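Have a look at the structure below before the remarks.
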Amino acid sequence: MPSTSEEKTEENVPELPEVETVVRELRPRLVGRRITRVEASALPLRQPWSSAWNRAVTGRRVRELSRRGKWIIIQLDRAMHLVIHLGMTGQLTVVAARTPRLPHTHLVFDLDRGTRQLRFRDVRRFGSATLYPNAAELAHSFDESGLGPEPFAVSSKYWCDRLGTTKRCLKAILLDQRVVAGVGNIYADESLFEAELHPARLASDLADLEADRLRVAVKSVLRQAIEQRGSSIRNYVGGSGLKGRYQDEFRVYGRAGDPCPCCRTPIARIRLAGRSTHYCPKCQRSSSK
DNA sequence: ATAGGCGCCTGCTGGC
DNA sequence: TGCCAGCAGGCGCCTA
């Protein structure tokens, strides 16, 4: 295991592959450790950290780390669950306690004898940390928000049903966490390119074959991104100090004006579902084919 | 049901 | 050189 995990100052855009990478890298550094002290900054995150939670988590051991969509789930003793969302700029790391604390560090958990710390840093504070007393409360919370299935568990039938019964465009569908959990702006664009589908196409206008092409493309793009440890646009994510490499594989995202890797047509950039959207006007036709 | 807009928040960039 | 508008966007909320 690498001995240090330095934090970087730049930002990242954590979607499913980045969150998965964080979970994988933190798991061996966190599972089995006991939280011995908690320190919260004065500035609130999206979900303010309650001082009562300090007492609740102190003394508990970390049992397991998992991921659901873009949510990081830290299971503690007696089924208590600490759930973290990285928002836009969140970073979760385990470091030696002596490591200088960077600005915008909002939560610090001392581990074991205080030689190491779990730190949550978030420049824009779009992230959150929430404590659930048991698994049922957590499940209820996910349920209430309507969080959709994991991309790798989406069946062909579910997907075609969901797409067939909505008048929304494909980009909006992919960004909707209730349809499928974990896809954000980058992987939505990359998946639509992979599937050769125009982001503005109406979901209900797709033939089942086209819809399924998108389902498979999402899985494929996410899987490859996870293999590359996610994307580091201006930085990297995670606890091991290794950069993600998937940003080198982007075929449309952030490449407006660049030649399409398939046909050399300049990549277009439009605004869709309130997000900047990148696509190839030739490979991704707006009408069915 | 769905689109669109806003607010949250900070840091960077480009135009003048 | 300096200033400031614009932009980045996940999510929850609001209105039309």
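Atom set for the values below is all heavy atoms of this structure, side chains included, hydrogens, waters and symmetry mates excluded. No experiment lies behind these values; they were computed from the predicted model shown. Every chain is numbered from 1 and lettered A, B, ... according to where its sequence line falls, protein lines coming before strand lines.
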Heavy-atom nearest nucleotide on DNA chain B taken for A/Phe126 and for A/Ala273; more 5' hit belongs to A/Ala273
Rounded to whole Å, the NZ-P distance (A/Lys70 to C/dG9) equals 11 Å
OP1 or OP2 of C/dG10 sitting under 4.0 Å from any side-chain N/O of A/Arg124?
no
Would you say a side-chain N or O of A/Thr166 is under 4.0 Å from OP1 or OP2 of B/dT2?
-> yes
field: Any A/Thr89 side-chain nitrogen or oxygen under 4.0 Å from OP1 or OP2 of B/dG11
entry: no
Checking C/dG10, B/dT10, C/dC11 against the side chain of A/Val123 (C-beta onward), the nearest is B/dT10
Would you kindly say whether A/Arg121 and A/Gln91 are connected by a side-chain donor-acceptor distance under 3.5 Å? yes
Phosphate oxygens OP1/OP2 of C/dG9: is one of them under 4.0 Å from a side-chain N or O of A/Tyr187? no
Name each donor-acceptor pair under 3.5 Å that joins a side chain in residues 136-151 of chain A to protein atoms two or more places apart or in another chain, with its distance.
residue  : atom : partner  : partner atom : Å
A/Ser141 : OG   : A/Tyr132 : OH           : 2.9
A/Ser145 : OG   : A/Phe142 : O            : 2.9
A/Glu150 : OE1  : A/Arg67  : NH1          : 2.8
A/Glu150 : OE1  : A/Arg67  : NH2          : 3.0
A/Glu150 : OE2  : A/Arg68  : NH1          : 3.0
A/Glu150 : OE2  : A/Gly69  : N            : 2.6

Note to self: Counting the benzene-type ring for Trp, do A/Phe120 and A/His106 have ring centres under 6.0 Å apart?
What the structure shows: no
For B/dC9, does OP1 or OP2 lie under 4.0 Å from any side-chain N or O of A/His104? no
Of the listed B/dT10, B/dT2, C/dG9, the closest approach to the A/Arg125 side chain comes from B/dT10
Does A/Arg275 reach a base, just sugar-phosphate, or nothing at all? Heavy atoms under 4.0 Å. base
Side-chain atoms of A/Arg46 come closest, of C/dG9, B/dA3, C/dG12, to C/dG12
Here the distance between atom P of C/dG12 and atom CG of A/Leu147, to the nearest Å, is 10 Å
Requested in this report: State whether A/His85 places a side-chain N or O below 4.0 Å from either non-bridging phosphate oxygen (OP1 or OP2) of C/dC11.
Outcome: yes
Using a cut-off of 4.0 Å on non-hydrogen atoms, how would the nucleic acid contact of A/Ser128 be classed: base, sugar-phosphate, or nothing? nothing
DNA chain C nearest-nucleotide lookup for A/Arg271 and A/Val183: closer to the 5′ end is A/Arg271
Between CG of A/Leu170 and C1' of B/dA3 the distance, given in whole Å, is 16 Å
(Q) Tell me whether A/Arg251 is salt-bridged to A/Glu194, with the criterion being a basic N under 4.0 Å from an acidic carboxylate O. (A) yes
note: A/Met88, atom CE; C/dC11, atom P; distance rounded to Å ~ 11 Å
To the nearest angstrom, the CG-P distance between A/Asp122 and B/dT10 comes to 10 Å
Atom NZ of A/Lys167 and atom P of B/dA3 are separated, to the nearest Å, by 10 Å
For C/dG10, does either OP1 or OP2 sit under 4.0 Å from a side-chain N or O belonging to A/Gln177? no
- Between A/Asp248 and A/Arg245, does at least one N-O distance fall below 4.0 Å, as a salt bridge requires? no
| message | Any salt bridge linking A/Lys171 with A/Asp189? Criterion: basic side-chain nitrogen under 4.0 Å from a carboxylate oxygen. | response | yes
Taken to the nearest whole Å, CG/A/Leu272 to P/C/dG10 is 14 Å
* Asked: When all nucleic acid strands are considered with a 4.0 Å heavy-atom cut-off, which category describes A/Ser145: base, sugar-phosphate, or nothing?
  -> nothing
Taken to the nearest whole Å, CG/A/Leu175 to P/B/dG5 is 16 Å
